[in-house]
Amino acid sequence: MSRYIGILVCLACLIASGTRAAERFCFRVYLKDKGISGCSLERPGEYLSEAAIERRERQGVEVEDSDLPIARAYLDTLSACGGTPVLTSKWMATVVVASGDSAVAERIMRLPMVDSVKWVWKGEAGMPLFEASRDTAMLAPADPPERSLYGFSEKQIKMLGGIKLHKAGFEGKGVRIAVVDAGFRNVDRISVFDSLRLEGTRNFLFPGRSVFEEDDHGTKVLSCLAAYDPGRMIGTAPKASYWLLKSEDVRSEYPIEEDYWAAAVEFADSVGVDIITSSLGYFSFDQKTMEYGKDQLDGRTSLISRAAGMAAKKGILLFCSAGNEGNGDWEKVTFPADAPDVLTVGAVTGRKEHSLFSSKGPTADGRVKPDVVAMGSAACVVDADGCIRFVNGTSFATPILAGLGACLWQALPSLTSREIMDLIRMAGDRRKKPGAEFGYGIPDMYKAYKKGKKKR
């Protein structure tokens with residue numbers, strides 16, 4: 001999928017370059033505070049669902065100032081300057097505004113409530129609304145090599161001890177999972193998703209538009225979790241409940257991707273999801289002046305990584321793909337996979353060897369990343385045509401593991417997200433000597449369950 005670079009930019013240079021009539025700009029406005037919204041920490045039900053409050057209470061997580069929304073008066077003030085607010089982040093205290101006039105950034109910077117402004121997107125009117133992804137994939141044969149309940153997906157689940165976990169009665173029931181991706185084309189039409197427990201969808205790029213159009217990367221990702229076609233393919237959490245959230249803009253690569261992602265994750269928190277799986281990572285953009293360096297892979301610099309850290313702080317178990325840059329110039333994990341409190345997932349082959357494309361660690365501050373690995377070479381997925389295919393990518397290793405993370409949490413509901421994360425790490429086959437390619441290794445999720453059960 002897409003790659004990430006950072007957002008350092010010279011607004012003066014942008015403004016000096018002039019603006020063509022067809023161009024539009026987006027700017028991220030960093031606020032000094034969030035103003036007075038009228039909401040109270042004593043009344044969290046005004047801005048958080050019952051499920052979100054219950055998840056916090058279950059894990060001893062307090063509702064705090066970061067949960068309060070940005071004041072409406074602040075948004076109105078930004079509008080009066082000529083910028084239309086299109087995205088907000090209550091956790092980051094930021095607002096993204098859109099305008100056809102690049103000079104709006106200078107006017108906004110003069111406001112007393114504003115700390116700084118950064119350019120995060122430029123586009124032209126009439127750009128196509130979507131472009132379908134074209135993953136390199138191999139079509140599966142008509143029949144599985146061995147007749148089994150799991151069909152073509154058996155190897156990727158068995159590798160993680162997932163079949164034993166399923167047989168013990170844990171298939172994700174009662175666990176809410178948000179899938180943050182580029183699009184879920186035809187999920188509403190494909191038969192393997194007939195039993196999908198769908199709680200809702202949200203399109204953060206084009207509010208009101210269906211997520212079942214456009215790109216099908218999310219379709220493939222979701223199939224690793226929720227597909228149910230006995231004898232051909234079964235996902236790792238077929239009985240979990242799902243939110244499908246579109247945050248990726250496949251038309252171009254700009255730092256606004258961070259803001260879309262943060263908005264999706266904050267929404268997922270507010271509706272009470274337990275787990276987020278994200279197969280999006282960033283490190284390069286269309287504008288080279290916006291780049292981060294590898295020395296900033298510290299989990300604290302990029303907005304997207306800080307948002308990931310906030311999600312973890314709220315008691316969400318977040319699975320992030322490591323990235324597919326292992327044999328490229330970047331080589332390292334991408335953002336937000338550098339965040340310390342998320343489970344970053346790398347890829348291995350069916351023979352349990354490191355997938356050459358899988359991004360490596362460590363982080364800039366010396367932490368182990370990826371945390372763990374799962375099968376990401378020739379992973380079994382379902383595409384937008386309903387065909388079973390074998391594809392490569394940490395994008396698919398991540399949901400395979402995330403689904404079993406849901407099963408594990410179903411089995412051990414009294415544990416916190418951090419405790420589940422530690423169990424998964426310590427179930428890795430390289431836990432005694434974690435490294436830059438495998439992290440803590442391939443986790444045996446059934447052994448994690450047995451170990452967690454003993455500790456209760």
Original post:
If you measure from CG on Leu412 to SG on Cys407, what distance do you get to the nearest 0.5 Å?
Top reply: 11.5 Å

Subject >> Counterpart residues, salt bridge (charged side-chain N to carboxylate O under 4.0 Å, His left out), relative to Arg107 (two or more places apart) >> reply: Asp101

**OP:** Scan for side chain to side chain donor-acceptor pair (under 3.5 Å) pairs involving residues 305-314, sequence neighbours excluded, and state none if there are none.
**Re:** Glu64-Lys313, Glu64-Lys314, Ser66-Lys314, Asp67-Lys314, Ser302-Ser305, Ser305-Asp338

Subject >> Non-hydrogen side-chain atoms of Met375 and Phe396 separated by less than 4.5 Å >> reply: no

Subject >> Minimum-distance pair of heavy atoms, taken over all atoms of Val348 and Ser355 >> reply: C-OG, 3.2 Å

Subject >> Which residues share a side chain to side chain contact (heavy atoms under 4.5 Å, CB included) with Asp65, sequence neighbours left out >> reply: Leu41, Leu68

Subject >> Test side chain to side chain contact (heavy atoms under 4.5 Å, CB included) applied to Lys32 - qualifying residues, sequence neighbours left out >> reply: Asp115

Subject >> Heavy-atom pair with the smallest gap, counting every atom of Ala312 and Ser417 >> reply: O-OG, 4.3 Å

Subject >> Any side-chain donor near an acceptor of the partner, His217 and Ser395, under 3.5 Å >> reply: yes

Original post:
Which atoms form the tightest heavy-atom contact between Val273 and Ile316, and what is the distance?
Top reply: O-CG1, 3.9 Å

**OP:** Would you list the pairs meeting side chain to side chain donor-acceptor pair (under 3.5 Å) in which at least one residue belongs to residues 39-51, sequence neighbours left out?
**Re:** Ser40-Glu42, Arg43-Glu46

Original post:
So does Arg28 pair up with Glu258, basic N to acidic O under 4.0 Å?
Top reply: yes

Original post:
If you take all heavy atoms of Thr394 and Phe357, which pair is closest and at what distance?
Top reply: N-CE1, 3.8 Å

Original post:
Between Asp181 and Gly218, what is the shortest heavy-atom contact and its length?
Top reply: OD1-N, 3.2 Å

**OP:** Could you list the residues that satisfy salt bridge (charged side-chain N to carboxylate O under 4.0 Å, His left out) with Lys332, not counting sequence neighbours?
**Re:** none

**OP:** Evaluate the side chain to side chain contact (heavy atoms under 4.5 Å, CB included) criterion for residues Lys360 and Glu437: first the C-alpha distance (whole Å), next the side-chain angles of each, then the deciding distance (0.1 Å), finally the verdict.
**Re:** CA-CA 5 Å; Lys360 306 168 188 175; Glu437 293 182 346; 3.9 Å; yes

**OP:** Would you mind reporting whether Leu160 and Ile400 have side-chain heavy atoms less than 4.5 Å apart?
**Re:** yes

Original post:
What residues, two or more places apart in sequence or in another chain, satisfy side chain to side chain donor-acceptor pair (under 3.5 Å) together with Thr398?
Top reply: none

Subject >> Ile36 CD1: over 12 foreign heavy atoms closer than 6.0 Å >> reply: no

Subject >> side chain to side chain contact (heavy atoms under 4.5 Å, CB included) assessment of Leu303 paired with Tyr30 >> reply: CA-CA 11 Å; Leu303 181 138; Tyr30 290 85; 4.2 Å; yes

Subject >> Candidates Val120, Asp259, Leu87 - the one meeting side-chain contact (heavy atoms from CB on, under 4.5 Å) with Cys26 >> reply: Val120

Original post:
Could Asp329 and Lys294 be called an ion pair, given the rule that one side-chain N must be under 4.0 Å from one carboxylate O?
Top reply: no

**OP:** Test the Arg430-Phe438 pair against the cation-pi criterion, namely NZ or CZ under 6.0 angstrom from the six-membered ring centroid and within 45° of the ring axis.
**Re:** yes

Original post:
Under 4.5 Å between any side-chain heavy atoms of Ile424 and Leu408, yes or no?
Top reply: yes

Subject >> Exceeds 12 heavy-atom contacts within 6.0 angstrom, atom NZ of Lys34 >> reply: yes

**OP:** Mind checking the CG-CE spacing from Leu318 to Met421? Nearest 0.5 Å is all I need.
**Re:** 8.0 Å

Original post:
With a 3.5 Å cut-off and no angle check, do the side chains of Trp330 and Ser284 form a donor-acceptor pair?
Top reply: no

Original post:
Got a donor-acceptor contact below 3.5 angstrom from the Asp298 side chain to the Ala364 backbone?
Top reply: no

Original post:
Taking NZ, NE, NH1 and NH2 as the nitrogens, is one of them in Asp371 or Arg425 under 4.0 Å from a carboxylate oxygen of the other?
Top reply: yes

Original post:
With sequence neighbours excluded, what pairs up with Asp33 under the side chain to side chain donor-acceptor pair (under 3.5 Å) test?
Top reply: Tyr74

**OP:** Kindly indicate whether the side chain of Arg202, heavy atoms from C-beta on, has any atom under 4.5 Å from the side chain of Lys246.
**Re:** no

Subject >> Atom of Val381, atom of Ser223 and distance for their closest heavy-atom approach >> reply: CA-OG, 3.4 Å

Original post:
ring pair (Phe, Tyr, Trp, His ring centres under 6.0 Å) with Phe267: which residues, sequence neighbours excluded?
Top reply: Phe204, Trp243

**OP:** Kindly compute the distance separating CZ (Phe390) from CD (Gln156), expressed to the nearest 0.5 Å.
**Re:** 8.5 Å

Subject >> side chain to side chain donor-acceptor pair (under 3.5 Å) contacts touching residues 81-100 (sequence neighbours left out) >> reply: Ser89-Glu266

Original post:
Between Arg24 and Trp121, is any pair of side-chain heavy atoms under 4.5 Å apart?
Top reply: yes

**OP:** Not counting sequence neighbours, which residues clear salt bridge (charged side-chain N to carboxylate O under 4.0 Å, His left out) with Arg367? List them please.
**Re:** Asp365

Original post:
Got a donor-acceptor contact below 3.5 angstrom from the Asn203 side chain to the Phe206 backbone?
Top reply: yes

Original post:
Side chain of Thr344, backbone of Lys369: donor and acceptor closer than 3.5 Å?
Top reply: no

Original post:
Does the pair Lys220/Asp216 count as a salt bridge with the N-to-O cut at 4.0 Å?
Top reply: yes

**OP:** Find the distance between CD (Glu419) and CD (Gln59) and round it off to the nearest 0.5 Å.
**Re:** 8.5 Å

Subject >> Student check: side-chain heavy atoms of Pro370 and Val345 closer than 4.5 Å >> reply: no

Original post:
Would you say the side chains of Ser247 and Glu257 form a donor-acceptor pair under 3.5 Å?
Top reply: no

Original post:
Does the pair Glu291 and Phe285 meet the rule for a side chain to side chain contact (heavy atoms under 4.5 Å, CB included), with working shown?
Top reply: CA-CA 7 Å; Glu291 292 187 357; Phe285 287 139; over 6 Å; no

Original post:
Can you tell if the side chain of Val368 reaches within under 4.5 Å of the side chain of Pro362, non-hydrogen atoms only?
Top reply: no

Subject >> Side-chain donor/acceptor of Trp261 to backbone N/O of Gly281, under 3.5 Å >> reply: no

**OP:** Find the distance between CG (Asp188) and CG (Asn186) and round it off to the nearest 0.5 Å.
**Re:** 6.5 Å

Subject >> Any side-chain heavy-atom pair of Phe212 and Arg185 under 4.5 Å >> reply: no

Original post:
Among pairs that include at least one residue of residues 74-88, which meet salt bridge (Lys or Arg N to Asp or Glu O under 4.0 Å), considering only residues two or more places apart or in two chains?
Top reply: Arg72-Asp76

